[in-house]
There are 2 protein chains.
Amino acid sequence: MDQIPGHRVTLQDVADAVGVSKSTVSLVLSNHPRISQETRQRVLDTVDELGYVYDRRAASLRTRQSFTIGLIITDITNPFYAELTSGIEHTLLAKNYIALLGSTTDLLQNQERFFATMRERSADGIILCPAPGTPPETILRLSRQLPTVLIARYLAGVDVDYVGADNELGTRRATEHLIERGHRRIAFVGGPQDSSARQDRLRGLVSILEKHRIPLDESLMVTCAVTRNGGYTAIQQVMRADDPPTAVLCYNDVVAFGVMLGLRACDLEPGPDVAVVGFDDVNEASLWNPSLSTVSATPTEMGQHAADLLLKRIEQPDRPIQQMILPSTLIIRASS
Amino acid sequence: MDQIPGHRVTLQDVADAVGVSKSTVSLVLSNHPRISQETRQRVLDTVDELGYVYDRRAASLRTRQSFTIGLIITDITNPFYAELTSGIEHTLLAKNYIALLGSTTDLLQNQERFFATMRERSADGIILCPAPGTPPETILRLSRQLPTVLIARYLAGVDVDYVGADNELGTRRATEHLIERGHRRIAFVGGPQDSSARQDRLRGLVSILEKHRIPLDESLMVTCAVTRNGGYTAIQQVMRADDPPTAVLCYNDVVAFGVMLGLRACDLEPGPDVAVVGFDDVNEASLWNPSLSTVSATPTEMGQHAADLLLKRIEQPDRPIQQMILPSTLIIRASS
DNA sequence: CTGAAAGCGCTTACAG
DNA sequence: CTGAAAGCGCTTACAG
């Protein structure tokens, strides 16, 4: 039953015990049809009896398929990525795949290490949320070496599978909503300067301001670390201006949570005093007090789609590049 | 530079290009000292030139070390596990290991699948938060097959490496605090019925009630799903009783968040009307409104310790079993 | 200081 | 229906 430490039960051991060749055992395990019912049963029984464990790494050396993928994200502690990961895991489990996890904290150096790690371990593919500043060539090279799907952030001009939210549409809707509520001075807080997601979200805001001929005040467009603390600090700075905003559109929910706390620290109540809108709609958003108005990016679904896309790409390397933009819906709650 | 799809650059290719044997290349890559400086440099240059990628799975077939571990937790979407995972990742990164991630949602069936998955992929070890109801023999067998460390939940009588919080001490302190504040009717909400963590936390509460000769009311000790929603539903049930509690000690922070929301749904303000205390001190806890009093279980540190322990066990299989109980401190905030 | 050879545990044509 | 053999890409004694 139990293995002797150091000695692994192999196909050969099973074959010896049954009195057939290891080819036969291998064929049984891969459900090959032309093994007699009797042999098959004896093999299966012996597999159980000896506690044989299939060595997928040995198999993958021959078949070149590891049933393992690499998942490279920014930070598992950000609920957006946790929900994303959960969706990915869900899809992988059903297909017998599993993910190697790497959090880069948006550091290019970590990202490079994870690329190497995943390739050395022969991942069948990679789901990647690229760190801001990733050179496009890096991704192009990677995607030639390994099936790759980008998630949540893309790189301009890089033709690779991608799944993300409709960022611009999302902030357009959010901005229209704020303007309808009478806001004219709308701040934008947070996001990694060079990420596609930030640029698209900011563009949505700017375009709607233009449409309504509301002058753009650059001093209200600030960046900050994508953490609660980042939002907390940044908003206090912004509110100190001579003509502070009456509404703030945040890069994402995590920043919005920080902004709400920062407003309170300035003795302002998020909602009544200053409107706050987030992006993502992580589970937490509806539970805050006040509940957070936000643009839904459906992270769990996004993860499922990314995993689906990757598995399709693995099966069919020549299929056309697919870029999925998931619809964004505005969810109005108490904070705006 | 780039590989031809399907063809992997191997040691042999590098050897051929340099004009040495693959043994020599291998020795260079493992930094073996007795290769001449000149050969070494030529090999290294060629490795770069050809874009050689080390095949760790082939290597591990010989060396029996994959530099990969399995991480099996309940739910990555629960911030406690996300912070745990972040701590684990941090330690692994420094030692060139990486984790295969599996979320069981506390289903034994998923857990079994992950055990198989991790073994098939030759993980060097496993960090496991066992699903409630896991038979002790399962863990014993697993730990004989593979270095194993349990995290956050242990199994009575199973002598395996373990890292967890001092659960009983934590809830003792929390209960003393509530009693000091004048509470007599204290509910306990949530937790997987058969988990060691729940039992220990509940025991802490009960022992302090006894110490103060406060009668125990079983109807106030309820269980629920370990989600915000679980706490939300459970507390509303509890508050409907004839003699409802004035304070509630929650299995963990996630349940406590749900409880706070549930109280509001009953028109009760957490803090002033009903005291609420959580367990874990996830990052979110200090940010809620009201901020959540809780017992700190330092999830990030817990993760780091678990990874350290596993790596030590891998290096030194015969070292004595180590069970680390991390000190619990009570953090009093606005909710109590 | 360097190379030839065996072997890790599988799969997969190819024979029979 | 089943087996012998080659090979996936490494490492590691063993010679020289």
Side-chain angles (χ1 to χ4, degrees), chain A residues 3-44 46-47 50-68 119-124, chain B residues 3-44 46-47 50-68 116 119-124 145:
Chain A
Q3 297 174 232
I4 295 115
H7 177 251
R8 177 158 195 154
V9 178
T10 71
L11 267 193
Q12 190 61 258
D13 296 328
V14 176
D16 290 349
V18 181
V20 294
S21 76
K22 57 181 179 157
S23 317
T24 302
V25 178
S26 175
L27 260 13
V28 168
L29 293 182
S30 58
N31 267 318
H32 197 97
R34 39 179 151 189
I35 301 288
S36 71
Q37 191 48 46
E38 199 229 319
T39 309
R40 147 177 263 93
Q41 201 44 253
R42 274 165 53 217
V43 167
L44 260 21
T46 309
V47 160
L50 299 184
Y52 168 74
V53 174
Y54 182 67
D55 191 330
R56 201 175 281 279
R57 93 145 90 80
S60 80
L61 199 55
R62 282 274 344 217
T63 63
R64 308 180 155 285
Q65 249 212 305
S66 64
F67 284 90
T68 302
R119 294 222 289 147
E120 288 185 356
R121 280 164 184 80
S122 311
D124 292 335
Chain B
Q3 297 173 233
I4 295 114
H7 178 252
R8 176 158 198 157
V9 178
T10 69
L11 267 193
Q12 189 61 257
D13 296 328
V14 176
D16 291 348
V18 181
V20 294
S21 77
K22 58 181 178 155
S23 318
T24 302
V25 179
S26 174
L27 260 14
V28 169
L29 293 182
S30 58
N31 267 318
H32 197 98
R34 43 178 149 187
I35 300 288
S36 72
Q37 191 48 47
E38 199 230 320
T39 308
R40 146 177 264 93
Q41 201 45 254
R42 274 165 55 217
V43 166
L44 259 19
T46 309
V47 159
L50 299 184
Y52 168 73
V53 175
Y54 182 66
D55 190 331
R56 202 174 280 280
R57 91 121 107 90
S60 80
L61 198 56
R62 283 271 350 212
T63 62
R64 306 180 156 286
Q65 248 212 304
S66 64
F67 284 90
T68 301
R119 296 224 287 147
E120 288 186 356
R121 280 161 184 84
S122 311
D124 291 335
Q145 292 160 340

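By convention in this document, chain letters (A, B, ...) are assigned in the order of the sequence lines, proteins followed by strands, and residues within each chain are numbered from 1.
Rounded to an integer number of Å, the gap from Arg42(A) CZ to dC1(D) C1' is 13 Å. The nearest whole Å value for the distance from the CZ atom in Arg121(A) to the P atom in dC10(D) is 14 Å. Between the C1' atom of dT12(D) and the CG atom of Leu27(B) lies a distance of 9 Å, rounded to the nearest Å. If you take CZ of Arg62(A) and C1' of dC8(C), they are 15 Å apart, rounded to a whole angstrom. Rounded to an integer number of Å, the gap from Tyr54(A) OH to dC10(C) P is 8 Å. Atom NZ of Lys22(B) and atom C1' of dC8(C) are 12 Å apart (whole Å). Taking atom CD of residue Gln12(B) and atom P of nucleotide dC10(D), one finds them 10 Å apart after rounding to whole Å. Here dC10(D) presents its P atom at 4 Å from CG of Leu11(B), a figure rounded to the nearest Å.
Residue Arg57(B) places no side-chain N or O under 4.0 Å from the OP1 or OP2 atom of dC8(C). Using a 4.0 Å cut-off, no side-chain N or O of Thr10(A) falls inside it from OP1 or OP2 of dC8(C). Proximity of Arg40(A) to the phosphate of dC1(D): no side-chain N or O atom is located under 4.0 Å from OP1 or OP2. The phosphate of dT2(D) (OP1 or OP2) has a side-chain N or O of Thr39(A) nearer than 4.0 angstrom.
Comparing Leu61(B) and Pro33(A) by the nucleotide of DNA chain D that holds the closest heavy atom to each, the one mapping nearer the 5' end is Pro33(A). Comparing Ser30(A) and Ser21(B) against DNA chain C, the residue whose closest nucleotide sits nearer the 5' end is Ser21(B).
Within the 4.0 angstrom heavy-atom criterion, only backbone atoms of the sugar-phosphate kind lie near Thr63(A); the bases stay farther away.
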(request) Convert the base pairs of DNA chain D into dot-bracket notation, remembering that pairs crossing earlier ones are written with [ ] and that bases paired across to another strand are shown as |; include only Watson-Crick or G-U pairs under 3.5 Å. (result) |||.||||||||.|||

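Residues Val20(A) and Val28(A) fail the side-chain proximity criterion, which asks for heavy atoms closer than 4.5 Å. Side-chain atoms of Tyr52(B) and Val25(B), non-hydrogen and from C-beta on, never get closer than 4.5 Å to each other. A 4.5 Å side-chain heavy-atom check between Asp55(B) and Ser122(A) finds at least one atom pair inside the cut-off. Considering only heavy atoms from C-beta on, Arg40(B) comes within 4.5 Å of Asn31(B) through its side chain. In this structure the side chain of Thr68(B) reaches within 4.5 angstrom of the side chain of Arg121(A), judged on heavy atoms. Contact annotation: the side chain of Ile35(B) never approaches that of Val43(B) to less than 4.5 Å [non-hydrogen atoms, C-beta and beyond].
Residue Ser36(B) has its side chain nearest to dC1(C) when only dA5(C), dG3(D), dC1(C) are considered. Of the candidates dA6(D), dC10(D), dG3(D), the closest approach to any side-chain atom of Ser23(A) belongs to dG3(D). When the nucleotides dT2(C), dT12(D), dT2(D) are ranked by their closest atom to the side chain of Thr24(B), dT2(C) comes out on top. Listed candidates were dC8(D), dC10(C), dT11(C). Nearest to the side chain of Ser26(A) is dT11(C).
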(request) In sequence, state the C-alpha distance, the side-chain angles, and the governing distance for Leu11(A) and Leu29(A), and then conclude on side chain to side chain contact (heavy atoms under 4.5 Å, CB included). (result) CA-CA 10 Å; Leu11(A) 267 193; Leu29(A) 293 182; 3.8 Å; yes

(request) Apply side-chain hydrogen bond (donor to acceptor under 3.5 Å, both in side chains) to Arg57(A) and Ser66(B), showing your working. (result) CA-CA 9 Å; Arg57(A) 93 145 90 80; Ser66(B) 64; over 6 Å; no

